Structures are given as structure tokens and as C-alpha cells.
Number of protein chains: 2
Amino acid sequence: MGTKAGQTAVRADQIAAALRRGIRASEFVPGQRLPEVDLAERFGASRRAVRDALAQLAHEGLVERRSNIGASVRAISIPEAIENAEIRMLVETLCVTLAAERIDARGAAELRGIGRALQAAADLADVTAFAEATSALARACARLSGHGVAQDTLERLRVLNARHNFRVTSSPGWLAAALSRRMAQIEAICRGDPAAAAEALREHSFAVMAGLRALGAGKEDA
Amino acid sequence: MGTKAGQTAVRADQIAAALRRGIRASEFVPGQRLPEVDLAERFGASRRAVRDALAQLAHEGLVERRSNIGASVRAISIPEAIENAEIRMLVETLCVTLAAERIDARGAAELRGIGRALQAAADLADVTAFAEATSALARACARLSGHGVAQDTLERLRVLNARHNFRVTSSPGWLAAALSRRMAQIEAICRGDPAAAAEALREHSFAVMAGLRALGAGKEDA
DNA sequence: GCGCACCAGATTGTGCACAAGATCATGCAC
DNA sequence: GTGCATGATCTTGTGCACAATCTGGTGCGC
């Protein structure tokens, strides 16, 4: 479905983006209520814009709304995060396969650039930068696959488990292991080897799901 | 992300549902403009409710909105419908696999009931009833899989290519072929055979995609 | 002490009126 | 006849005020 144009108002999109960032950064914690007037004051916008932004986020699954009661940050359980990763694996496997089949010099250069960013982030043990580069890699693969629906579907699923992913990525030794798998994925795509690219991705996805399960075993989140 | 509660207003949801039906029934054709005031008058609602409904549909990809210009029914191209079917195949394959692994007597009875509805619709050559039963089957499989994210993802993808699917289903001989594949899928799930269920589904999905390609070869839609 | 009705507060839901922006037709200059 | 500036008209965008509804606490009755 391509990129959404001027969905509602420009202002509402800005507020939605700010809220997304806030939720991802745990500035707003799961269960926290989000009264429209408070957000309106905080962002210097009208209640209507906030309202539209909340509707958007509710549709994405980031917040929960109840009639005449209000919006609150939705708690995403570990099992749901695992389900999410499972669906993402299916779609991303398709993406990297297609990307490997269609790769050109320009695309390969882009992927290798992201690979260098991953390497740099891992060297510095910068979890946030690594997460950003990982996100960039996923987006690039989706775009290079030329599969619009896959791209949109992934975009929608990505926002949901940012919080949990951060916790998995923070576990000791994760960055090094993730880096090697991501590099294998990038190189496989660049040399036009769909099977190897898919395998590298699947390997990483399973590791993510295992990490999420370990998280769930240690402490329940919702 | 479970079921969305009182997303915005009750009224807005009703209007959105009515618009979805209208678009599916080609009452509103692709490209047709949807001025807020006209819809408000038509549904006897306020402009605000219509506005919220349009925002919802825009997020689903059914309508396109441009700032200060208005909303219009989005044209879904054949290539996009094929991409859509491709992603659905991936997720539905997971669903029927899980459903076959977890099937119980109650679920089997439900699926066989849908099977009878399919048979009846095919006997009467009732394309609409067949489409409805097919939709019910997809929903049942998603629910019986116990995979919430897959269920939501499919729900979202389903609304998009209802129009094209109708055209494919209307082609001569389709109902009989589809019926036999669907019955194979149902029986495989009911006897707890994940591999066979997945295979039946994949077979059907490929037939749908081939049908869509044939449609595209005959006449472009967008 | 317990349960229920009721009231106060807070929060969302919505109609109305006006402002802002874009499209299209018109008319003028060249 | 062609190109461009200009204004009319339509459509969406938004602030404001009030209505509807839910929640939590309080007081009365038993």
C-alpha cells in the first residue's frame, strides 16, 4: 500500500512519532495512562491532533483505547513478542530471498555501508546504535526486495516489540553473535545467494526468539 | 494485538464498516472521491464521525487521503494483489500448520461445518456465499492456530484484495477446483496432518496467484 | 460491619463555525 | 492562440464549548 500520504494532519503525525519515540524509550511505560489534555499541553498541540495521533497508535497496537476512559500504553507480553518475531521471520525471509535475487551494485554498497555501521556499533558496544543499524538493515532489505506489501507489513510489525528487542540485545555477548549473523546475511545477499541469505536470517530470528523466551523465563512482563 | 476495543467512536466504526462493504460491493469504485459532507449526509452522521472512519480506512489501505483535497477509494493493482496473496500464503501456511497441530473435536466440527457451507455454495454456484465461507474458513484457521499476531496480520491483509478475489472466483470452473482444495485443507487439519494442510493451502494460494496473473494479462486494472 | 445508591470529578465524544489550502475556470497580456 | 496571474468555489483542517459517560469515593440504610 505504499507510503501513506497526508494521513490526517501533519501535526497528528508529528505527535504520533513523538509518542512512538517516547514509548520506545520507556518514557511512557506500559499501562501508563495518556490523557488527551496532558499530551496536548505537553506537545503544544490541540486536543484534536492528539486524539488523531492516539487513534493512529491504537491502530498500530501501541496504545489501547477505551470509550470514555482514555488511552494507555499497551503492554506487549513476551509470548506476543515471540509471535511477532515469528511472523517477521516469515516475511523477512521472503524479503532477503528476493533481495538476493535482485541485488545490484548500488544496493550492495548500501547494505555494506549498513554492515560497517553495525561493526562500528558493536565495537563501541553501543546497543542503541546497533539497534538503529539493524532497523536500517531490515528496511533496506524490505525495500531492495521490491515487495511493497512485505515492506508495509514489516513496518507495521517492527514498532511493536522495540522494547523487548532492546532487552534481548542488551544481554551479554549478544552483539558479537548478532553481528556475525548479520554480516553473513549481508554478504549472502550481496553475492546473490538467496538460500544462504534466508538461512542467515532464519538463524538470527531463532536466536531472537530464544532470547525472548529466556527473558520470559526470567521475569514476566505482562 | 488482540481485538480493538472502542477504538474511537462507535459511530465511526459503523461508518467504516459500511464503507468497507460498499467498496467490496463495488458500490464505490476505485478512484471515486469520498467527500466528507456527502458521506455524512448519506449515513446521517456528523462530519467528524465520517472523518474518523476515513482515517481508519486510510490506515487499512482501502482509501487514500490527501491534505486539503480529500479521500478517494484506492485502486489496488493486480501486482499488489499478488504480493498481498503471497504474504497471506506465508502467514496462513503457519496458521493451518499450527491449527493441525492443535486441533480438537470442537474445532474439527467447526471446520467441517464451514466445509459443508462451501459445498452448498459450490453446488448452487453462489460465488458470494462461497467467498463468505472461504473468509470464514480463513478466520477459523487463524483463530484455531492460537497465533494472535498472525490472526491480526491476516485480518488486515484480507480486506485489501476482496475485489480482485471476487473476479478470480468468478472465472469458469474455479469453484469446483477451489472446493476440492479447501476440502483437502480442512480434512488435513481435522486429522492433525500439518504437512498436508500446509500443502493444500499452498496449492490453493498458487492457484489464486495464477488467477490474478491471468486477470492482469487480460486487462489492467490500475 | 456490609451493601447499595448516589454524587462529584475527570475524561472522552461531538457538533458547530470559521480558517486554511488546493483546484479549476476566467480573463488579461502578449 | 498561448501562457500566466487571479479569484471563486469546494473541500478539508481545527479550535472551542458543551454533552455523554465512566470511575472512585461517600453516606445512608440495614
Side-chain angles (χ1 to χ4, degrees), chain A residues 1-19 22-23 27-75, chain B residues 1-19 22-23 27-75:
Chain A
M1 67 194 59
T3 42
K4 288 97 184 183
Q7 184 129 311
T8 46
V10 190
R11 184 79 77 157
D13 283 353
Q14 295 172 340
I15 297 174
L19 282 172
I23 293 174
E27 193 174 342
F28 302 104
V29 297
Q32 178 174 344
R33 299 190 56 186
L34 302 170
E36 295 177 359
V37 282
D38 292 7
L39 297 178
E41 190 181 358
R42 175 183 181 128
F43 293 116
S46 77
R47 232 189 82 205
R48 171 97 10 226
V50 171
R51 190 180 180 69
D52 288 347
L54 285 175
Q56 204 171 320
L57 267 60
H59 208 99
E60 292 172 8
L62 273 178
V63 311
E64 221 165 2
R65 298 185 82 186
R66 281 184 301 173
S67 279
N68 295 307
I69 292 188
S72 55
V73 180
R74 200 165 82 83
Chain B
M1 62 198 62
T3 41
K4 287 97 184 180
Q7 184 127 318
T8 47
V10 191
R11 185 77 79 153
D13 283 353
Q14 295 172 341
I15 298 174
L19 281 172
I23 293 174
E27 193 175 340
F28 303 104
V29 296
Q32 179 174 342
R33 299 191 54 188
L34 303 170
E36 295 176 359
V37 282
D38 293 7
L39 297 178
E41 191 180 358
R42 174 183 183 129
F43 293 115
S46 77
R47 230 190 84 205
R48 171 110 2 237
V50 171
R51 189 178 181 71
D52 288 346
L54 285 175
Q56 204 170 321
L57 267 63
H59 209 97
E60 293 172 8
L62 272 178
V63 312
E64 221 165 4
R65 298 185 83 187
R66 281 183 300 170
S67 278
N68 294 309
I69 293 187
S72 55
V73 181
R74 201 165 79 85

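Predicted model, so just to flag it, every value in this text is computed and none were measured. What's counted below: heavy atoms across the whole structure, side chains too, no hydrogens, waters or symmetry copies. Chain A is the first sequence line, chain B the second, and so forth, proteins listed ahead of strands; every chain is numbered from 1.
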- So, A/Arg74 and A/Glu60, do they make that salt bridge, N to O below 4.0 Å?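 Result for this pair is no, no salt bridge flagged.
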Taking atom [atom2] of [N] as reference, at what distance in whole Å does atom [atom1] of [X] sit?
X       : N      : atom1 : atom2 : result
A/Leu39 : C/dA10 : CG    : P     : 17 Å
A/Arg51 : C/dT14 : CZ    : C1'   : 8 Å
B/Arg33 : D/dT12 : CZ    : C1'   : 10 Å
B/Ile69 : C/dT23 : CD1   : P     : 4 Å
A/Glu36 : C/dA10 : CD    : P     : 16 Å
A/Leu54 : C/dT12 : CG    : C1'   : 11 Å
B/Ile15 : C/dG13 : CD1   : C1'   : 13 Å
A/Arg66 : D/dT23 : CZ    : C1'   : 10 Å

- With sequence neighbours left out, write down each residue that passes side chain to side chain donor-acceptor pair (under 3.5 Å) with A/Glu27, or none if nothing qualifies.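 Here the qualifying residues are A/Arg42.
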- Would you indicate, yes or no, if D/dG13 has its OP1 or OP2 atom less than 4.0 angstrom from a side-chain nitrogen or oxygen of B/Arg65?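 For D/dG13, OP1 or OP2 has a side-chain N or O of B/Arg65 closer than 4.0 Å.
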Grab the two heavy atoms, one from [X] and one from [Y], that are nearest each other, plus how far apart they are.
X       : Y       : answer
A/Arg33 : A/Ile69 : NH2-O, 2.7 Å
A/Ala12 : A/Asp52 : CB-CB, 3.8 Å
A/Phe28 : A/Val73 : CB-CG2, 3.8 Å

- Message: Nearest 0.5 Å, please: how far is CG in A/Leu39 from CG in A/Leu19?
- Response: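 Between atom CG of A/Leu19 and atom CG of A/Leu39 there are 5.5 Å.
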Using atom names, set out every protein N or O paired with an N or O of nucleotides 15-17 of chain D below 3.5 Å, distance rounded to 0.1 Å.
residue	atom	partner	partner atom	Å
D/dG15	OP2	A/Ser46	OG	2.2
D/dG15	O6	B/Arg48	NH2	3.4

- Message: Over all strands shown, is B/Leu34 touching base, sugar-phosphate only, or nothing at heavy-atom distances under 4.0 angstrom?
- Response: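 Sugar-phosphate, backbone atoms only, no base.
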